[in-house]
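In what follows, a structure is listed as structure tokens, so that the remarks can point back to it.
Letters A, B, ... are given to chains in the order of the sequence lines, protein chains preceding strands, and every chain is numbered from 1.
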Protein chains: 2
Amino acid sequence: MGTNAREDIMEAAKKAAQAHGYGGLSMRDLAAEVGIKAASLYYHFPSKAELATAVAKRYWEDAAADLEKIWDENSDPDERLRFFPVTFRRALENENRMCLCSFMGAEYDDLPDQVKEEVQVFADVNVAWLKKALLASGTVDEETGEARAKAVFAAVAGAQLMARSRADISLYDTLIDSYRAAGLLPA
Amino acid sequence: MGTNAREDIMEAAKKAAQAHGYGGLSMRDLAAEVGIKAASLYYHFPSKAELATAVAKRYWEDAAADLEKIWDENSDPDERLRFFPVTFRRALENENRMCLCSFMGAEYDDLPDQVKEEVQVFADVNVAWLKKALLASGTVDEETGEARAKAVFAAVAGAQLMARSRADISLYDTLIDSYRAAGLLPA
DNA sequence: ACCTGAACACCGTTCAAGT
DNA sequence: ACCTGAACACCGTTCAAGT
């Protein structure tokens, strides 16, 4: 598609992994998508594991950048938190895809170690941002902030998973609203 | 292992699918686990799809029975709700496995239709029980009960997913505690 | 009734060979 | 520098054949 094969491969691999996971990511299909032969992929990436590592790494880097943007563009603490679920909604909007790292979290047993690490960093990045935002909003105190940040992350990931399993994005919205009504997130 | 091959196959398939998903369920490995050849599996089940359908169906039937038991053995509404996360904890206790239907929910795009249906019934059964329990406990009113039941289900599934992705069962407990502290579940 | 070996079209991966 | 065809050991599945 683009002019940079390595870039095209990573982009196509990201989309495929968000729909089919690491195990379901087919090197042959991926190559066809990019317009080269499967063997050619191995010129750009030494293995499927290395490709997935690069993709997962950039996935959390992009997520970190998005979160920074939300932070900088909003000064009201509750407003920042209101935007968090939007980033997870975007995957569903994109042909019912899901978070790469949630899918790969499920595939834990079959994941190469380096991929596992990048997947965990994604969660770390999100939890750190949430903790910062929750503390700033006064939703939690210093002592419970970490646990609450993890809880919000897990709950939002769970909402995305459930909505995907029904291909129903309105269910995602219902779930997030219900989290707010229950007090997990500021209303 | 047992005396009933069909039973052994379903049990082994359930455990494998809880660890590797539908896509990661290998008919050859499964056959080896049961002590027969891969081709022999097709005497008992016409296809991988049919096997997975049977497994997923019994999975929600067993879950429904477990939930009924919790209901009958406890009369205090909050006490019943306190037991709900225990059923999802059990999978993690069992060698860091996860809910068959959460894993298959992620695999939505690659799931045969019949399997998809059974996966959805699992969620339906859990949500129906939760709604009943939440209404009985007075946590919610008739109007918000359905959404709240779905929210609890999604959040607990998300907690299990996050804990699995770190192979850390204490993280699961932390998350459930935090849900309670936030007000999603009765403390 | 229950199981099997051999075959089919797939898969990720390797590698020597092409331009 | 970038790509490829052919081969390897895998996979789910089929089927004719065994007991």
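The structure places CG of B/Asn94 at 6.5 Å from CD of B/Gln18, a figure rounded to the nearest 0.5 Å. Taking CD from A/Glu33 and NZ from A/Lys15, the interatomic distance works out to 7.5 Å, rounded to the nearest 0.5 Å.
Contact check, A/Tyr42 against C/dT14: no side-chain N or O comes under 4.0 Å of OP1 or OP2. Phosphate proximity of D/dC2 to A/Tyr43: present, with a side-chain N or O under 4.0 Å from OP1 or OP2.
Atom CZ in B/Arg28 sits about 11 Å away from atom C1' in C/dA6, given to the nearest Å. Counting to the nearest Å, the P atom of C/dA17 and the NZ atom of A/Lys37 are 21 Å from each other. One atom, NZ of B/Lys48, and another, P of D/dT13, lie 7 Å apart when rounded to the nearest Å. D/dC10 atom P lies 11 Å from atom CG of B/Asp29, rounded to whole Å. The nearest whole Å value for the distance from the CG atom in A/Leu41 to the P atom in C/dC11 is 13 Å. When rounded to the nearest whole Å, the span between CZ of B/Phe45 and P of C/dC2 equals 12 Å. Whole-Å rounding puts the A/Met27 CE to D/dC8 P distance at 21 Å. Following rounding to the nearest Å, A/Ile36 (CD1) and C/dT19 (C1') show an atom-to-atom distance of 16 Å.
Positionally, the nearest nucleotide of DNA chain D for A/His44 lies more toward the 5' end than for the other of A/His44 and B/Ala39. Across the interface with DNA chain C, nearest-nucleotide mapping of A/Ser40 and A/Ser26 shows A/Ser26 to be the residue nearer the 5′ end.
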Problem - Derivation and outcome, side chain to side chain contact (heavy atoms under 4.5 Å, CB included), residues B/Gln160 and B/Ser102 - result: CA-CA 9 Å; B/Gln160 187 194 53; B/Ser102 290; 4.2 Å; yes
Practice task
Could you please spell out the steps behind the side chain to side chain contact (heavy atoms under 4.5 Å, CB included) verdict for A/Met10 and A/Phe45?
Solution key: CA-CA 10 Å; A/Met10 284 186 69; A/Phe45 298 93; 3.5 Å; yes
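B/Leu25 comes within contact range of the sugar-phosphate backbone alone, with a heavy-atom separation under 4.0 Å but no base atom that close.
With B/Trp60 contributing its side chain and B/Val121 its backbone, the two residues share no donor-acceptor pair below 3.5 Å. Listed for the B/Arg166 side chain is a donor-acceptor partner under 3.5 Å among the backbone atoms of A/Gln120.
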Fill in the blank from the handout: A correct dot-bracket answer for DNA chain D, with pairs being Watson-Crick or G-U at under 3.5 Å, [ ] for crossing pairs and | for inter-strand pairs, is ||.|||||...|||||.||
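Residues from residues 12-24 of chain B that place a heavy atom under 4.0 Å from any atom of DNA chain D: there are none.
Using bins of under 30°, 30° to 60° and over 60° for the plane-to-plane angle, the ring pair B/Phe84/B/Trp129 lands in the parallel bin.
In summary, the side chains of B/Ser170 and B/Asp173 do not present any donor paired with an acceptor at a separation below 3.5 Å, with no hydrogens or angles considered.
Here the shortest heavy-atom pairing between B/Glu68 and B/Lys132 reads OE2-NZ, 3.9 Å.
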